Asker: 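One structure coming up, written as structure tokens, with questions to follow.
Note that the structure is predicted; figures quoted are calculated from it, not measured. Each ligand, and each atom within it, is numbered from 1 in the order the structure gives.
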Amino acid sequence: MSDCIFCKIANKEIPSEFLYENDYVFVIKDINPKAPIHLLVITKEHFANLNEISDEKVLGEIFKGIKEVCKELGIKEYKTLINTGKSAGQEVFHFHAHILADK
Ligand code: AMP
Ligand code: ZN
């Protein structure tokens, strides 16, 4: 979507460091971290939120991305958070999973 910030990052219209990438997702640092380590696992394709993703391959690749970026960065213990919908705290309406960790 043209006015979506995460689409712009996915398309490299806005520069951002990718900490991990596969064919389906990429991972960046959250701009406003709420923990010492705060990453976002973002789908390359635009989905407004989890409810919009029905493809099991994409769902699997999201969790694969979460595990692989943590493994690559040596993050052994972490919290994973997915906000779905405004009242649940979702602010950016392009699918992303938060990874939060202390070290
Ligand atoms: P949510 O409330 O689940 O939609 O989370 C949106 C997250 O995106 C927030 O934690 C923001 O700090 C983060 N965020 C917004 N814009 C950017 C950006 N340009 N780069 C990195 N993180 C961002
Ligand atoms: Zn988008």
Asker: Can you tell me how far apart NZ (K67) and OH (Y78) are? Round to the nearest 0.5 Å.
Answerer: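 So the NZ of K67 and the OH of Y78 are separated by 7.0 Å.
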Asker: Working to the nearest 0.5 angstrom, can you tell me the gap between I37 CD1 and L73 CG?
Answerer: 7.5 Å
Asker: Do any N or O atoms from the side chain of H94 and from the backbone of V92 form a donor-acceptor pair under 3.5 angstrom?
Answerer: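 Answer holds: no.
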Asker: On the six-membered ring of F93, is K86 placed so that its NZ or CZ lies under 6.0 angstrom from the centre and within 45° of the ring axis?
Answerer: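 No - K86 does not lie over the ring of F93 by the 6.0 Å and 45° rule.
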Asker: I need the protein N, O or S atoms closer than 2.8 Å to the Zn ion (ligand 2), given as residue plus atom name.
Answerer: C4 SG, C7 SG, H46 ND1, H94 ND1
Asker: E13 side chain to K8 main-chain N or O, any donor-acceptor pair under 3.5 Å?
Answerer: no
Asker: Among E72, K71, E68, which residue meets the side-chain hydrogen bond (donor to acceptor under 3.5 Å, both in side chains) test with Y20?
Answerer: E68
Asker: Enumerate the protein residues lying less than 4.0 Å from ligand 1, judged by heavy-atom distances, in chain and residue-number order.
Answerer: I5, F6, I9, I28, K29, D30, I31, N32, K34, L40, N83, G89, Q90, E91, V92, H96, H98
Asker: In terms of the angle between their ring planes, are F26 and F18 parallel, tilted or perpendicular, with boundaries placed at 30° and 60°?
Answerer: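 Geometry flag for F18 against F26: parallel rings.
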Asker: Roughly how far, to the nearest 0.5 Å, is the OG1 atom of T80 from the CD1 atom of I66?
Answerer: 5.0 Å
Asker: Is the backbone N or O of N22 less than 3.5 Å from a side-chain atom of K44, with the two atoms forming a donor-acceptor pair by type?
Answerer: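 Yes; at least one donor-acceptor contact below 3.5 Å.
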